[in-house]
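FYI, the numbering just counts along the sequence from 1.
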Amino acid sequence: MRVVVGVGGGIAAYKSCSLIRSFTESGHHVRVIPTESALEFVGRATFEALSGSPVNTGVFVDVPEVPHVRLGQEADLVVVAPATADLMARIAGGRADDLLTATLLTARCPVLLAPAMHTEMWEHPATIANVTTLRSRGVIVLEPASGRLTGRDTGAGRLPEPDEIFGLAMLLAERADALPRDLEGRKLVVTAGGTREPLDPVRFLGNRSSGKQGYALARVAAQRGAEVTLIAGFTTELPDPAAVDVVRVKTAQQMQTAVRKFAADADAIVMAAAVADFRPATVAGSKIKKGANEPDSIPLVRNDDILAGLVDARRAGEIESSTVIVGFAAETGDEHGDVLTYARAKLARKGCDLLVVNAVGDGKAFEVDHNDGWLLGSDGSESALGEGSKALLAGRVLDAVVDVFASASNQQ
């Protein structure tokens, strides 16, 4: 894939180096086009060494090759990180006064801009108008992260982490229309990761969930315009997704409390977490030692079914009747039935609107970056999600949620 990486003149320009390396190490051909001001932060030699291609900023270099037209025409993907307020204003205005803006005018491939600027600049009416204009033209303008900015300032406007930008860019490579702004004005609650049920100060009952699928759902939903609360159990040290509020929990009971708290005004709840079915009946105050006092068995008690409880709460009017509830099921087949047989029974038992079913084992679903499975609907519909990245599967699940919203709206 031919990727153009544009770099605007902001302090976050140094992070573009990690992004460029991710593209090149994945086997893509990269051409870096910085602005002149970007070269004040990162030198030309650095970009050339990382990309293996010459780096220019103006339109009067290598004129016979017409690079200001050719680079955009031949690109399969254009990613600009950081996209400063000034650069986005020039792009929105249709300017072509340097190689980067000229390339963007000729590009007909997916274009992704990752903004980075101070909060006041991001929230300024001029920037808001420019972002709206760019999105109306089909440009993907990411929501920025919140956090430490230049100096002592903190707030919205921080560049998303390079790995996150790379993942979203690869999602666009898999599916060019993967990030529509069709969830604006919606509130989503997403759960992710595994719970850990303590046995003593050292040991716990847990599972193999990495949290990657739930994080992908939260990340993609936020970039499709939703206000997202991510309730995260234990994960493999995943960074917080940009523009997502993260609530951390440890046990199934803590997750249940958090979910019920944020479910009250949610438009959709996506239960991607791997919640422990059981917990020890008692938690020892000190480490259980081997020896004469070692217990022969450890009594367990069943945790409440959070997903079924949400459906019951909706029926009782404790949460809105229009709230879409999505469950996840990790299943294996046996001599009594295959994965879908058990999934259909689980959907009927749980009563949720949609059930995402993953066949697990042999490197599937857990602790990997790809996924596949099926999507079952309470209306009897069944569809294969197909294999792909967890971000791609997240997008397909969210498509189904949007369809449920649309169906409910048409029935009103």
For [X] and [Y], work out which heavy atoms get closest and say how close.
X	Y	value
Ala96	Leu105	CB-CD1, 3.6 Å
Ile269	Ala263	CD1-CB, 3.5 Å
Ala81	Leu19	CB-CD2, 3.9 Å
Ala273	Ala192	CB-N, 3.6 Å
Glu318	Arg260	OE1-NH2, 2.6 Å
Leu188	Ala226	CD1-CB, 4.1 Å

Ion pair present between [X] and [Y], side-chain N to carboxylate O less than 4.0 angstrom?
X	Y	answer
Glu320	Arg314	no
Glu382	Arg344	yes
Arg148	Asp153	no
Asp399	Arg224	yes
Asp240	Arg219	no
Lys287	Asp200	no
Arg2	Asp76	yes

Derivation of the side-chain contact (heavy atoms from CB on, under 4.5 Å) call for Val228 and Asp245: CA-CA 6 Å; Val228 181; Asp245 292 326; over 6 Å; no

Working for side chain to side chain donor-acceptor pair (under 3.5 Å), residues Thr106 and Gln73: CA-CA 6 Å; Thr106 60; Gln73 288 176 332; over 6 Å; no

Contact between [X] and [Y] at the side-chain level, heavy atoms closer than 4.5 Å - yes or no?
X	Y	value
Arg31	Val5	no
Lys350	Val311	no
Glu387	Asn371	no
Cys352	Leu307	yes
Leu375	Arg396	no
Ile231	Arg248	no
Arg158	Trp122	no
Leu392	Arg175	yes

Sub-6.0 Å ring centroid separation between Tyr14 and Phe41: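 No - the distance between ring centres of Tyr14 and Phe41 does not fall below the 6.0 Å cut-off.
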
Please tell me whether [X] and [Y] have a donor and an acceptor in their side chains that are separated by less than 3.5 angstrom.
X	Y	result
Thr101	Asp98	yes
Thr127	Asn130	no
Asn303	Asp277	no
Ser53	Ser51	no
Thr251	Glu197	no
Asp86	Thr84	no

Glu237 CD: over 12 foreign heavy atoms closer than 6.0 Å: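 No.
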
Crowding at NE2, His29 (>12 non-hydrogen neighbours, <6.0 Å): no

Spacing of [X] atom [atom1] and [Y] atom [atom2] [to the nearest 0.5 Å]:
X	Y	atom1	atom2	value
Leu112	Met170	CG	CE	10.0 Å
Thr24	Ile20	OG1	CD1	8.0 Å
Thr133	Ile91	OG1	CD1	12.0 Å

Plane angle bin for Phe234 and Phe204 - parallel if under 30°, tilted between 30 and 60°, otherwise perpendicular: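 Parallel.
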
Single hit among Ile325, Leu376, Val270, Val401 for side-chain contact (heavy atoms from CB on, under 4.5 Å) with Leu354: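 So the option named by the test is Val401.
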
Leu179 and Val220: CA distance, side-chain angles, deciding distance, side-chain contact (heavy atoms from CB on, under 4.5 Å) verdict: CA-CA 7 Å; Leu179 296 174; Val220 174; 4.0 Å; yes

Derivation and outcome, side-chain contact (heavy atoms from CB on, under 4.5 Å), residues Met255 and Val259: CA-CA 6 Å; Met255 182 164 285; Val259 168; 4.1 Å; yes

Derivation of the side-chain contact (heavy atoms from CB on, under 4.5 Å) call for Cys17 and Val42: CA-CA 9 Å; Cys17 297; Val42 180; 4.0 Å; yes

